[in-house]
Amino acid sequence: MLKTEGLTLHYGGSQILHGIDLQARAGEVTCVMGTNGVGKTSLLKAISGTHARSAGRLELDGEDVPRVSAQAMAHRGVGYVPQGRMIFPLLTVRENLETGFACLPKSERFVPDEIYELFPVLKDMAGRRGGDLSGGQQQQLAIARAMITKPKLLLLDEPTEGIQPNIIQQIGRVIEYLRDQGRMAIILVEQYFDFAYGLADRFYVMERGAVTVQGTKAELSRDRLVAAVSV
């Protein structure tokens with residue numbers, strides 16, 4: 001579903017990503033791991049178009065994608081749940097979900113029952129303002145909003161950060177459900193090792209803006225991964 005070759009990113013005069021080669025397949029969770037500051041979030045921003053890549057090739061669903069805006073990438077089928085959730089605090093839950101309609105034809109601009117089945121709290125709080133929700137509820141809303149766009153590729157940046165354990169378990173079940181549907185590729189940036197290891201089919205470990213270890217769960221032992229992300 002996604003393939004990058006030599007993906008490079010600069011912020012001003014600083015090079016943040018150094019030639020990233022990455023693949024993410026539909027029906028799989030691809031986990032990007034590493035300590036703070038190694039470029040994981042920057043990689044998702046480059047893929048999503050939030051920050052234009054400096055160089056390199058990006059292929060989505062078999063088609064080369066030029067350097068385009070985040071809005072254009074969303075229309076091409078990239079759903080992005082950023083770190084910090086970035087929901088609209090003064091809009092209601094329903095209105096937050098409806099912001100995803102911009103990527104859909106008019107005939108598909110409705111909230112599917114599947115959303116409320118996966119996140120029942122959002123149905124109960126549909127009229128509440130986003131800023132009144134707990135952190136865990138906001139995270140559920142952010143994921144649901146991305147799902148509204150019916151993405152081919154779902155990017156999740158630290159979905160467990162600051163979230164209570166029962167919500168982490170629910171988010172894990174939703175990710176498993178989406179993976180098992182086989183319709184989308186999921187890239188998960190995550191520092192909670194057990195959560196990531198339990199979900200991932202394929203791993204990329206980053207250090208200083210470059211991939212240092214990669215492979216499937218069958219190819220990489222748990223001990224090797226722990227050692228790689230503990231550097």
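FYI, side chains are in, hydrogens and waters are out, and symmetry mates aren't considered; it's all heavy atoms of this structure.
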Response to the item:
Taking every heavy atom of N96 against every heavy atom of R145, the minimum-distance pair comes out as O-CD, 3.4 Å

Worksheet item: Heavy atoms, side chains only, cut-off 4.5 Å: are F195 and I175 in contact?
Response: yes

Item to complete: Report yes or no: does R183 contribute a side-chain atom to a donor-acceptor pair with the main-chain N or O of L178 at less than 3.5 Å?
Response: no

Please list every donor-acceptor pair under 3.5 Å in which a side-chain atom of residues 41-48 meets a protein atom from a residue at least two apart or in another chain.
unit_1	atom_1	unit_2	atom_2	d
T41	OG1	D157	OD1	3.4
T41	OG1	D157	OD2	2.8
S42	OG	Y11	OH	3.1
S48	OG	L44	O	3.0
S48	OG	K45	O	3.2
S48	OG	T50	N	3.3
S48	OG	T50	OG1	2.7

Discussion item. Is any side-chain heavy atom of Q139 closer than 4.5 Å to one of V81?
Written reply: yes

Discussion item. Main chain of T35, side chain of K40: is a donor-acceptor contact present, judged purely on distance under 3.5 Å?
Written reply: yes

Discussion item. Heavy-atom count check: over 12 atoms from other residues, nucleotides or ligands less than 6.0 Å from Q71 CD?
Written reply: no

Worksheet item: Tell me, which pairs form a salt bridge (charged side-chain N to carboxylate O under 4.0 Å, His left out) where one or both residues lie in residues 187-201, sequence neighbours left out?
Response: D194-R222

Item to complete: Please check if atom CZ in R94 has more than 12 non-hydrogen atoms from other residues, nucleotides or ligands closer than 6.0 Å.
Response: no

Worksheet, complete the sentence: In short, T8 meets H18 closest at the heavy-atom pair OG1-C, 4.5 Å

Item to complete: Say whether Q214 and D21, considering side chains only, have a donor N or O and an acceptor N or O under 3.5 Å apart.
Response: no

Discussion item. Tell me whether Q169 contacts the main-chain N or O of N166 through its side chain, where contact means a donor paired with an acceptor under 3.5 Å.
Written reply: no

Fill in: Salt bridge K3-E59, side-chain N to carboxylate O under 4.0 Å
no

Practice prompt. Check whether any side-chain N or O of D132 sits under 3.5 Å from a backbone N or O of R128 as a donor-acceptor pair, and report yes or no.
Written response: no

Worksheet item: Any side-chain heavy atom of V68 within less than 4.5 Å of one from M73?
Response: yes

Practice prompt. Answer yes or no: is there a donor N or O on one side and an acceptor on the other, between the side chain of R109 and the main chain of F101, under 3.5 Å?
Written response: yes

Worksheet item: Excluding sequence neighbours, so at least two apart, what forms side chain to side chain contact (heavy atoms under 4.5 Å, CB included) with P165?
Response: none

Discussion item. Tell me whether D113 at atom CG has more than 12 heavy atoms from other residues, nucleotides or ligands lying less than 6.0 Å away.
Written reply: no

Worksheet item: Residues sharing L91's hydrophobic cluster, by side-chain heavy-atom contacts under 4.5 Å among ILVMFWY, directly or via others?
Response: F88

Fill in: Contacts of type side chain to side chain contact (heavy atoms under 4.5 Å, CB included), residue Q138, not counting sequence neighbours
R85, I87, L133

Practice prompt. Indicate yes or no for a side-chain donor-acceptor contact from T4 to the backbone of I20 under 3.5 Å, with no hydrogens or angles considered.
Written response: yes

Worksheet item: If you measure from the Lys or Arg side-chain nitrogens to the Asp or Glu carboxylate oxygens, is any gap between R202 and E28 under 4.0 Å?
Response: yes

Discussion item. List the residues meeting side chain to side chain contact (heavy atoms under 4.5 Å, CB included) with R67, not counting sequence neighbours, and say none if there are none.
Written reply: R53

Worksheet item: Would one find more than 12 heavy atoms of other residues, nucleotides or ligands at under 6.0 Å from atom CZ of R208?
Response: no

Worksheet item: Would you call E114 and Y177 a side-chain contact if the rule is heavy atoms closer than 4.5 Å?
Response: yes

Worksheet item: Can you find a side-chain donor-acceptor pair between Q23 and Y204 that sits under 3.5 Å?
Response: no

